[in-house]
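The first residue in the sequence is number 1, and the count goes up from there.
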Amino acid sequence: MIDFKKVTFIKSSPTIEDRPEKRLPEVVFIGRSNVGKSSLLNALTSRKKLAFTSSKPGFTKLLNYYEVDGKFYLVDAPGYGYTISGSKHLDSFSKMMETYFDNEELKAVIFLVDSRHKLSKDDLDFFDFIKSKKIPFILVATKVDKLNQSEKAQMKKNILTQLGDVEFMMMSTQNERLVEEARKKICSLL
């Protein structure tokens, strides 16, 4: 079993060409700005401040590589959507990521969506993209602790309506059982 607590920040890279020299399998976190990528990364590793979290979208601007137990990298990618200034930055996100997905080290995508909102056009486009690339992925609906039971039911219905019969997991970084389930799913994809 992989020890997710044995984690080290390695480096931030503007492109895949600048990634760490040591080649390891990679699992990348992708989602809209402010969806909870850094919070989930912190929860998975049991480190509150490993990845910087912010209430303002657009803080992560580079590919951040975290080595886990000497076995693989968790890669925190910039969110797509809006930057701190409020301007769209899908173009810069696309340029940074266009070569990343042809990466032979990439083993899985953790695709995060905010459970409190219907999927955006950007979410749907990215979902279609990873399906077309045939990359294994885990769809994670974040922030479910902020929903009541009827809102959770509506969220499930929205995801299934928008994406079809897709497997997804609900996530609250406050719920250790859900976090452990995510660790196990990541291990199974490696």
Side-chain angles (χ1 to χ4, degrees), residues 12-17 19 25-41 43-44 51 53-54 56-66 72-144 147 154-171 173 178 182 185-186 188-190:
S12 295
S13 304
T15 66
I16 191 170
E17 289 80 19
R19 69 184 170 181
E26 298 177 15
V27 175
V28 67
F29 283 55
I30 296 283
R32 196 163 54 192
S33 293
N34 211 32
V35 73
K37 294 184 305 296
S38 297
S39 294
L40 180 55
L41 199 146
L44 288 169
T53 59
S54 173
K56 295 182 176 154
F59 247 81
T60 303
K61 301 208 181 310
L62 302 169
L63 296 165
N64 295 308
Y65 286 81
Y66 301 89
F72 75 102
Y73 293 117
L74 284 174
V75 183
D76 187 11
Y80 50 82
Y82 289 89
T83 62
I84 297 166
S85 65
S87 62
K88 274 282 209 185
H89 74 291
L90 281 175
D91 288 340
S92 61
F93 173 82
S94 296
K95 285 176 188 166
M96 178 186 288
M97 301 307 291
E98 66 188 8
T99 57
Y100 183 81
F101 291 97
D102 293 323
N103 169 7
E104 62 190 35
E105 313 302 336
L106 179 61
K107 302 304 176 199
V109 174
I110 309 300
F111 179 32
L112 289 86
V113 296
D114 191 327
S115 66
R116 301 169 301 169
H117 309 289
K118 276 190 162 185
L119 300 181
S120 68
K121 180 179 181 332
D122 296 336
D123 292 328
L124 296 171
D125 288 346
F126 188 75
F127 179 76
D128 289 342
F129 172 77
I130 57 175
K131 278 181 51 181
S132 74
K133 288 282 192 179
K134 297 185 171 39
I135 302 168
F137 68 94
I138 301 170
L139 181 64
V140 179
T142 62
K143 306 180 184 184
V144 296
L147 303 178
Q154 185 60 51
M155 178 267 306
K156 288 178 187 177
K157 182 180 176 187
N158 288 343
I159 287 175
L160 295 174
T161 299
Q162 290 184 280
L163 300 180
D165 188 22
V166 65
E167 183 180 332
F168 68 95
M169 67 178 300
M170 294 193 286
M171 177 56 61
T173 57
L178 293 176
K185 285 190 179 216
I186 290 170
S188 74
L189 292 173
L190 290 168

request  = Report the residue from Leu44, Leu189, Ile110, Val109 that forms a side-chain contact (heavy atoms from CB on, under 4.5 Å) with Val27.
outcome  =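 Result: among Leu44, Leu189, Ile110, Val109, Ile110 is the only option passing the side-chain contact (heavy atoms from CB on, under 4.5 Å) with Val27.
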
Heavy-atom side-chain proximity of [X] to [Y] below 4.5 angstrom:
| X | Y | answer |
| --- | --- | --- |
| Pro78 | Leu63 | yes |
| Arg19 | Asn103 | yes |
| Val166 | Phe127 | yes |
| Phe137 | Ile30 | no |
| Leu163 | Leu124 | yes |

message = If the threshold is 4.0 Å, N to carboxylate O, is there a salt bridge linking Asp123 and Arg32?
response =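 Yes, Asp123 and Arg32 are salt-bridged.
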
ask   = Which atoms form the tightest heavy-atom contact between Pro25 and Lys107, and what is the distance?
value =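 Taking Pro25 first and Lys107 second, the nearest heavy atoms are CB-CG, 3.6 Å.
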
ask   = Who pairs with Phe168 by ring pair (Phe, Tyr, Trp, His ring centres under 6.0 Å), at least two apart in sequence or on another chain?
value =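 By the ring pair (Phe, Tyr, Trp, His ring centres under 6.0 Å) rule, Phe168 matches no residue at all.
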
request  = Identify, with sequence neighbours excluded, every residue that meets ring pair (Phe, Tyr, Trp, His ring centres under 6.0 Å) alongside Tyr73.
outcome  =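 Tyr73 satisfies ring pair (Phe, Tyr, Trp, His ring centres under 6.0 Å) with Tyr65 once adjacent residues are dropped.
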
query = Mind checking what makes side-chain hydrogen bond (donor to acceptor under 3.5 Å, both in side chains) contact with Lys121, not counting sequence neighbours?
reply =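 If we apply the side-chain hydrogen bond (donor to acceptor under 3.5 Å, both in side chains) test to Lys121, skipping adjacent residues, the hits are Asp125.
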
query = With sequence neighbours excluded, what pairs up with Lys134 under the side chain to side chain contact (heavy atoms under 4.5 Å, CB included) test?
reply =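 In terms of side chain to side chain contact (heavy atoms under 4.5 Å, CB included), with neighbours along the sequence ignored, Lys134 is linked to no residue.
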
message = Suppose we screen for side chain to side chain contact (heavy atoms under 4.5 Å, CB included). Which residues come up paired with Glu167, at least two apart in sequence or across chains?
response =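 Per chain and number, Glu167 pairs via side chain to side chain contact (heavy atoms under 4.5 Å, CB included) with Lys185.
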
query = Which residues pass the salt bridge (Lys or Arg N to Asp or Glu O under 4.0 Å) test with Lys118, sequence neighbours left out?
reply =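 None.
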
key: Residue pair Asn64 / Ser12, side-chain donor-acceptor N/O under 3.5 Å   =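 Side chains of Asn64 and Ser12: pair found under 3.5 Å.
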
message = Looking at Thr142 and Leu112, would you say the former's side chain and the latter's main chain have a donor-acceptor pair under 3.5 Å?
response =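 Not at all, since once roles are kept as given, no pair shorter than 3.5 Å links the two residues.
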
query = Just by distance, do the side chain of Ser13 and the backbone of Ile16 share a donor-acceptor pair under 3.5 Å?
reply =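 A pair under 3.5 Å: no.
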
ask   = Under 6.0 Å between ring centres, would you say that holds for Phe126 and Phe101?
value =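 Ring-ring flag for Phe126/Phe101: true, centres closer than 6.0 Å.
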
